[in-house]
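Every chain is numbered from 1, with letters handed out A, B, ... down the list of sequences.
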There are 2 protein chains.
Amino acid sequence: MDLNELKIFLEVYRTGTISSAAEKLNTVQSNVTARLKKLEDELNVCLFYRKSRGVEITSDGKRLLPFAKKIMSAAAEINAEFKFKPLCKGEVRIGLTDTTFAECLPSAMAAYKKKYPEVELTIKTDASSALVEDIIGYRLDGAFTGSVGGNENIESVHVCRVPAVLGGVKKEIESPSAMIVFKKGCSYRDVTEKWALSSGKQNIKIIEFSTLDGILGCVSAGLGVTCMPEKVLRKYGVPFEEIEEDFSLVETNYIYRRDVKPSAAADAFASLLRKNFLTETD
Amino acid sequence: MDLNELKIFLEVYRTGTISSAAEKLNTVQSNVTARLKKLEDELNVCLFYRKSRGVEITSDGKRLLPFAKKIMSAAAEINAEFKFKPLCKGEVRIGLTDTTFAECLPSAMAAYKKKYPEVELTIKTDASSALVEDIIGYRLDGAFTGSVGGNENIESVHVCRVPAVLGGVKKEIESPSAMIVFKKGCSYRDVTEKWALSSGKQNIKIIEFSTLDGILGCVSAGLGVTCMPEKVLRKYGVPFEEIEEDFSLVETNYIYRRDVKPSAAADAFASLLRKNFLTETD
DNA sequence: CCTATTTACGTCCACCGTAACAATA
DNA sequence: TATTGTTACGGTGGACGTAAATAGG
């Protein structure tokens, strides 16, 4: 059985002649005759009486009608689902770093939920390197990360490059007692460590936190310093000063598996987030 | 889109690997890979993550699942309808002569209705020649008639050959006053006319009736004679005597259009009727 | 090394179009 | 003759199989 045969069967029934059905279907009479005959052979029945003026459906043809219609409409639903409403449903799993999250996610998420209410959106925040692993392991559809070592499985699209600044109360910036950072793999931890190295403070104590609030709370309390995008520090009211561009610049990229075509829902979210990101970090 | 692609998609989902799906479907890996890729290209999505150990369905694949299942089950319903339950439904239009009707139809119809309750059975009684026209014009699926002139569109199957006898009250048989018969085209009218001719009574009056009851009623009332199968006259209690075999033998054939495959329901009814006919006319 | 998928390539069949034929009004 | 369906036939694209390459555990 073949969808095409059923389509032809229905069109012949609708028009009442093989010729006009062939024309409607952009093919030739002989082909319609052959497809019809094939269907009749498959089902082992006669579907139409061949009369001198067109054809007339038989009792067996009538039996087939509802089934054929059902199948064709189900097939049309697939096209509707995937071609005409590609964004309406699905599940999207996006990864972010805590800093990206703080900067631009909430507004993007609100806009996305409003536009595509049927998409199940899952957001995970983690360090850049962990996000890369999640992409490779198919646990995320895409992620915004700092620069990642080249991996042949991963496609990386540059989003923006913003400088990190050194945040901390005045006393700490002048004489830092500790670096308060995310776990290994966070791009801003890297910057902070590079800053410490370049300014001869490599033996400074390290305090690790797993949340942005935790880090900034401690920094505000004068327990240490941290490198962050200026925007984040401003939002939390943490004093800061600029640091050398040599190592302060942090890339933000959108990454995804090269061998997996992103779902339309994922593409839509990623581009929306990227737009938000660029707007807010201008 | 193609039913085969959807079947492959579902089997890959069910088994979790392309290899085992190929084995289940009696084909090879490379073919499953290709069909899957074709489906993905058509829908413009990625349906499975290719992992080192089999594949895993994606969010878009999950979207496709219910549609694919729906279509495949609808296709299976067609097979069920036409292959496994070929006799359950439909419409059957059978033609009979009045004499055939009287002889064997009632019991056959009862048996058929019991066996195939969902078939819409339409019975038409008319003269043999009229039934032939109905077959040619697609208004009947099949008919039991007397012998008909060869028509290349009509397939004719011999059922039986029984002699007609001359029915009438004693006085009428000895000296018939009229032939009481069906309209032109009835095989038994033909026999009656041949009898009249051979016995030198060609100028006898003709009374036409359109029902068997009418004919036999008049014959019983002594208004004339008629030629009928012995069995019919017995049933109605009409006296009779045998006539010459030269013209008394009446064929009964089952006829149908050669270019139309009979529906299973029609075949079933015809064979049942034929069996009844043979049994009752032994 | 075994399992699993992808890619390359060759074969073959089925679909489709052209064209001639048949039947009917 | 015009309309419609059927049959014959040839080309071609796509489906399928074989086999080698690739990747991960």
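As rounded to whole Å, 13 Å separates atom P of C:dA23 from atom OH of B:Tyr138. One can place CD1 of B:Ile8 at 6 Å from P of D:dC16, the figure rounded to the nearest angstrom. With rounding to whole Å, B:Glu42 atom CD is found 12 Å from D:dG14 atom C1'. Rounded to an integer number of Å, the gap from B:Leu6 CG to D:dA15 P is 13 Å. One can place CD1 of A:Ile57 at 14 Å from P of D:dG5, the figure rounded to the nearest angstrom. One interatomic measurement links the two molecules: CD of A:Glu23 to P of D:dG5, which rounds to 12 Å at whole-angstrom precision. Spacing between atom CG of A:Asn4 and atom P of C:dG17 amounts to 11 Å, rounded to whole angstrom units. Regarding B:Asp2, its CG atom lies at a distance of 13 Å from the C1' atom of D:dC16, rounded to whole Å.
Side-chain contact between A:Glu155 and A:Ile135 is absent, with no heavy-atom pair separated by less than 4.5 Å. Between A:Glu120 and A:Arg93 the shortest side-chain heavy-atom distance does not fall below 4.5 Å. Taking the side chain as every heavy atom from C-beta outward, B:Thr97 and B:Phe144 never approach each other to under 4.5 Å.
A:Tyr13 meets the ring-ring contact (aromatic ring centres under 6.0 Å, His included) test with no other residue; sequence neighbours excluded.
Considering all non-hydrogen atoms of both residues, B:Leu25 and B:Lys7 come closest at CD2-CE, 4.1 Å.
OP1 or OP2 of D:dG14 has not a single side-chain nitrogen or oxygen of B:Arg35 nearer than 4.0 Å.
B:Ser30 and B:Thr33 are not linked by any side-chain donor-acceptor pair at a separation below 3.5 angstrom, with hydrogens and angles left out of the test.
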Could you go over nucleotides 21-25 of chain D and give all protein N or O partners under 3.5 Å, atom names and distances?
| from | atom 1 | to | atom 2 | distance (Å) |
| --- | --- | --- | --- | --- |
| D:dG24 | O3' | B:Ser52 | OG | 3.0 |

Check nucleotides 6-12 of chain D against the protein and report each pair of N or O atoms closer than 3.5 Å, with its distance, or say if there are none.
| from | atom 1 | to | atom 2 | distance (Å) |
| --- | --- | --- | --- | --- |
| D:dT6 | OP1 | A:Arg50 | NE | 2.8 |
| D:dT6 | OP2 | A:Thr33 | OG1 | 3.1 |

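Residue A:Glu11 qualifies as enclosed at atom CD: its count of foreign heavy atoms under 6.0 Å is above 12.
Panel note: side chain A:Arg257, backbone A:Ile136; a donor-acceptor pair is recorded below 3.5 Å.
When each of A:Lys38, A:Lys37, A:Arg35 is paired with A:Glu5, the side-chain hydrogen bond (donor to acceptor under 3.5 Å, both in side chains) condition holds for A:Lys38 and for no other.
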